[in-house]
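Letters A, B, ... are given to chains in the order of the sequence lines, protein chains preceding strands, and every chain is numbered from 1.
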Number of protein chains: 2
Amino acid sequence: MAEKTLDIPISTTAEDFGGLRMTKQRQVVYDVLAALGREHPTAAEIFVDAKERMPSISLATVYNCLETLTGAGVIRQVCIDRAAARYCANLTPHAHFYCDCCEKVFDIELKDSAEATSVWSLPKGSKVTEMQVAMRGICGLCPRCRSEES
Amino acid sequence: MAEKTLDIPISTTAEDFGGLRMTKQRQVVYDVLAALGREHPTAAEIFVDAKERMPSISLATVYNCLETLTGAGVIRQVCIDRAAARYCANLTPHAHFYCDCCEKVFDIELKDSAEATSVWSLPKGSKVTEMQVAMRGICGLCPRCRSEES
DNA sequence: TTTAGATCAAGAACTATTCTAAATAGGGTA
DNA sequence: TACCCTATTTAGAATAGTTCTTGATCTAAA
């Protein structure tokens, strides 16, 4: 999954989305997150980049924006263990893989035509509005991680 | 899933497990967690119950014990969003469902002969050592949650 | 232009968790 | 049994991440 277009009116400045304003700050936070692509930055990391684009922005505002954008369903919060929350502009159903060896977070896509909830025996009448899947292990992608495997 | 027997030498006092001592405190913490069954208590909640059984126990010790027991693979830590970590003595592969309506956490079992990772297209050579699946929504189990559904 | 409400910035406050240091406990050995 | 060594516990301080509070600023609508 390399490129993706949002069908949400969020790339134009100061436009409404879901009754909320797309302010300069929210736009900056979103742009920074989108620019960082697959890196799943934390709020603090986003703050660093956002400050380059808008020096007056505060950490509290970054948190506010991330919460607003998450609530609007435009980005997703990714929680792995108790570490700082990470954020992700990839809205397709996907899991996260944290590599114990290289300490990176990877997106894991659903298999073709698979359903994320299909392996779970959910109670009748239940409705899943959100699902977070986090795996941990060795990614086996970089040389060091390949040698790490026993 | 109502009853379950642990095949881990942990129910007898002060016995070794994986080179570690099963101390009184660790036993109490484990017992409290097992007694709370499906309730997925937080460290603070475990502390309250543990203090009844052993008034001298400290919160730091509860945290220590939970970490030790988790590391020994005897219990699991459950992280949902950024809320306080919850703990769980159910070691079978299962997911967690947080009900937005009744605010409870339910265990969701794997379907018969299903594999939790099977729907995800993991990179070749990767190895998953742990997987956390958290769903959020309406459980539809209690009357109030049933009426909540649109 | 005025007004009302949304949003922002800065820093204080809060919560869950980890760390530190000293005391204690328990197992192995003499 | 007495001693030693190490693991563990305790209590409280410290920390990290996040949320809250307050007053200022911005925006859209009237």
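In this structure, CG of B:Asp81 is placed 18 Å from P of C:dT15, rounded to the nearest angstrom. Atom pair B:Met22:CE and D:dT9:P shows a separation of 10 Å (rounding to whole Å applied). Atom-to-atom, CG of A:Leu66 to C1' of C:dC8 comes out at 15 Å; the value is rounded to the nearest Å. Rounded to whole angstrom, the span from the CD atom of B:Glu67 across to the C1' atom of C:dT18 amounts to 9 Å. Atom-to-atom, CD1 of B:Ile57 to P of D:dA11 comes out at 10 Å; the value is rounded to the nearest Å.
The nucleotide whose nearest atom lies closest to any side-chain atom of B:Lys24 is, among C:dG26, C:dA16, D:dG17, C:dG26. When each of D:dG12, D:dT27, D:dT9 is scored by its nearest atom to the side-chain atoms of B:Thr61, the top-ranked nucleotide is D:dT9. Set against C:dA16, D:dA11, D:dG17, the side chain of A:Arg82 has C:dA16 as its closest nucleotide. Of the candidates D:dA28, C:dG26, D:dA11, D:dA28 carries the atom nearest the A:Arg21 side chain, counting heavy atoms from C-beta on. Nearest to the side-chain atoms of A:Gln25 among the listed nucleotides D:dT18, C:dC8, D:dT9 stands C:dC8. With D:dT9, C:dC8, D:dT18 as the choices, the nucleotide that has an atom nearest any side-chain atom of A:Tyr63 turns out to be D:dT18.
When the nearest nucleotides of DNA chain D are assigned to A:Ala83 and B:Val62 by heavy-atom distance, the more 5′-ward of the two goes with B:Val62. Nearest-nucleotide mapping onto DNA chain C: of B:Asn64 and B:Ala85, the residue sitting toward the 5' end is B:Ala85.
If you check every strand for non-hydrogen atoms under 4.0 Å, B:Ala60 touches a base. As judged by a 4.0 angstrom heavy-atom cut-off over every strand, B:Ser56 is placed among residues touching the sugar-phosphate backbone only.
Contact record, B:Arg144 with B:Cys101: NH2-O, 3.3 Å, taken as the closest heavy-atom pair.
Of the side-chain N and O atoms in B:Thr68, none sit less than 4.0 angstrom from OP1 or OP2 of D:dT8.
Using cut-offs of 30° and 60° on the angle between ring planes, the pair B:His94 and B:His40 is tilted.
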